[in-house]
Amino acid sequence: MSEIFDCIIVGGGPAGLAAALYASRDRYKTVVLEKFMPGGQINNTDRIENYPGIERIDGPGLIQNMQKQAESFGAEIKTGREVEKLEKQKDGNIILSCGKENFSARVVILTPGSDYRKLGVPGEDKFRGSGVSYCGTCDAPFFRGKHVVAIGGGNTAVEETLHLVKFAQKVTMIHRREEFRASKVLVEELLAKANEPNSNLVIKYNTVAAEILGDKKVQSIQLKNVKDDSIEDYPCDGVFVFVGMVPNTGFLKGFVELTEQGFIKCDFAYLRTSVPGVFAAGDCRVGAAMQLATASGDGVVAAMMMKQYLRDPKWWNIKASDSLQSGGW
Ligand code: NAP
């Protein structure tokens with residue numbers, strides 16, 4: 001391992017690719033290490049309409065553009081590289097291990113994103129891939145003409161349910177409360193769909209999944225009404241789980257400080273973690289707004305702050321408030 005990168009970015013989602021664009025445009029030697037393929041969660045959406053300036057685009061399309069743009073300024077995107085361990089050296093550089101390969105960097109920007117939260121009910125793991133799915137955009141076509149249950153009340157649940165109704169013969173959406181967490185505009189669209197005459201969308205409130213049942217594939221779900229604890233055995237062909245995300249930070253335990261929920265601790269102004277030279281950006285960090293635009297913004301901030309640190313490592317210890325009083329960075 002002879003080459004030392006100025007900047008290694010762990011994760012090739014929107015935060016990572018935005019950081020790569022800014023770092024490489026500043027002529028820093030930059031590489032993105034991505035475990036699978038660039039994009040992460042955003043690849044699962046076919047409808048982005050809240051990225052300022054872009055009226056509508058699908059996730060993979062946007063990621064392709066972001067990757068091309070970063071590469072055009074010299075950033076390298078290495079896929080199939082799962083970072084397993086990071087170590088800070090005495091010389092201040094950071095070693096990242098991916099299987100038998102090691103990489104060395106002056107600065108690391110952590111953008112590992114987040115993964116699907118599970119329900120944790122019996123049958124969920126057993127039927128994953130045999131009727132249980134976490135991605136409507138990916139799997140809806142397999143349920144053409146079938147009856148599926150969609151679970152959750154956030155933006156993902158509502159967007160994905162609106163996608164599922166285009167394929168399934170019937171979609172039953174269950175939510176554990178009476179009010180949706182999702183944006184008003186999406187909820188209005190959802191309720192309008194459910195209120196259409198002969199709609200194929202049914203919404204059940206105050207309802208949770210107790211167990212997913214079947215033989216080789218999902219055949220039914222036990223629904224529990226949280227108001228009266230009654231249980232209903234509800235026949236269906238598929239169960240789509242959209243109950244939020246958990247950060248992909250298991251590999252960082254013992255290297256940077258994490259919150260109890262596994263989010264990377266960092267200061268909100270400059271995204272500095274507990275390890276000098278290591279920044280966190282996007283859904284993985286504490287206080288993240290979990291939006292495409294904010295994840296991209298985080299990537300930009302981290303790459304700009306990297307410049308401050310590389311110019312003068314003592315900058316790492318400056319208080320954000322001191323920096324602002326002296327006219328910003
Ligand atoms: P989320 O906003 O955290 O919503 C998760 C939903 O699942 C909530 O309605 C929650 O119910 C429910 N839930 C959690 N655990 C549950 C359980 N064990 N059983 C039943 N229900 C459970 O997650 P998300 O929808 O995946 O969104 C993640 C982030 O990405 C959010 O910040 C969201 O705004 C963002 N996002 C934005 C867009 C967009 O702007 N177009 C699209 C997708 C996602 P409670 O409400 O009762 O807690």
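Reckoned from all heavy atoms, side chains included, excluding hydrogens, waters and symmetry mates. Counting starts at 1 for both ligands and their atoms, in listed order.
For atom 10 (C) of ligand 1, the closest non-hydrogen atom on the protein side is Arg176 NH2, 3.8 Å. When hydrogens are left out, the protein atom nearest atom 24 (P) of ligand 1 is Thr156 OG1, 3.3 Å; that is the closest non-hydrogen contact. The closest protein non-hydrogen atom to atom 41 (N) of ligand 1 is Glu159 OE2, 2.7 Å. In this structure, the protein non-hydrogen atom closest to atom 28 (C) of ligand 1 is Met245 CG, 4.2 Å. Among all protein heavy atoms, the one lying closest to atom 7 (O) of ligand 1 is Val243 CA, 3.2 Å. Counting protein heavy atoms only, atom 47 (O) of ligand 1 is closest to Arg177 NE, 2.7 Å. Of all protein heavy atoms, the one lying nearest to atom 39 (C) of ligand 1 is Asn50 ND2, 3.2 Å.
Only the side chain of Gln291 comes within contact range of ligand 1, with a heavy atom under 4.0 Å; no backbone atom does. If you look at Ala289 next to ligand 1, the close heavy atoms, those under 4.0 Å, all belong to the backbone. With a 4.0 Å heavy-atom cut-off, ligand 1 is reached by the backbone of Phe242 but not by any atom from C-beta on.
Cluster membership check: Val241 does not share its hydrophobic cluster with Leu213, using side-chain heavy-atom separations under 4.5 Å among Ile, Leu, Val, Met, Phe, Trp and Tyr.
Remark: Arg144 is not positioned above the aromatic ring of Phe167, lacking an NZ or CZ atom under 6.0 angstrom from the ring centre and at most 45 degrees off the axis. With Phe268 as the aromatic partner, Arg285 meets the cation-pi criteria of under 6.0 angstrom to the ring centre and within 45 degrees of the ring axis.
For ligand 1, the polar-atom distance check finds an N/O of Arg181 within less than 3.5 Å of one of the ligand's N/O atoms. Between Gly154 and ligand 1, an N or O atom pair is found at a separation short of 3.5 Å. Geometrically, ligand 1 and Leu119 share no nitrogen or oxygen pair separated by less than 3.5 Å.
Centroid-to-centroid, the aromatic rings of Trp316 and Phe279 come within less than 6.0 Å.
Every heavy atom of Glu179 sits 4.0 Å or more from the atoms of ligand 1. Using a 4.0 Å heavy-atom cutoff, Val208 is absent from the residues neighbouring ligand 1.
More than 12 heavy atoms of other residues, nucleotides or ligands lie within 6.0 Å of CD in Gln89, so this atom counts as buried by the packing criterion. At most 12 non-hydrogen atoms from other residues, nucleotides or ligands lie less than 6.0 angstrom from NZ of Lys146. Other residues, nucleotides and ligands place more than 12 heavy atoms under 6.0 Å from the CD atom of Glu232. Heavy-atom contacts from other residues, nucleotides or ligands closer than 6.0 Å to CD of Glu179 number 12 or fewer. Other residues, nucleotides and ligands place no more than 12 heavy atoms under 6.0 Å from the OH atom of Tyr22.
Using a cutoff of 4.0 Å between basic side-chain nitrogens and carboxylate oxygens, Lys126 and Glu124 are not scored as salt-bridged.
Between the side chain of Thr249 and the backbone N or O of Gly262, at least one donor-acceptor pair lies under 3.5 Å.
Of the candidates Arg47, Met290, Arg117, Lys118, it is Met290 that places a heavy atom closest to atom 29 (C) of ligand 1. One option in Ala293, Gly244, Ser183 has a heavy atom closer to atom 3 (O) of ligand 1 than any other, and that option is Gly244. Remark: among candidates Val241, Asn155, Leu186, the nearest residue to atom 38 (C) of ligand 1 is Asn155, based on non-hydrogen atoms.
Residue contact check: His175 has heavy atoms under 4.0 Å from atoms 9 (O), 11 (O), 46 (O), 47 (O) of ligand 1.
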Working for salt bridge (Lys or Arg N to Asp or Glu O under 4.0 Å), residues Lys29 and Glu3: CA-CA 10 Å; Lys29 196 166 174 40; Glu3 198 172 15; 3.0 Å; yes
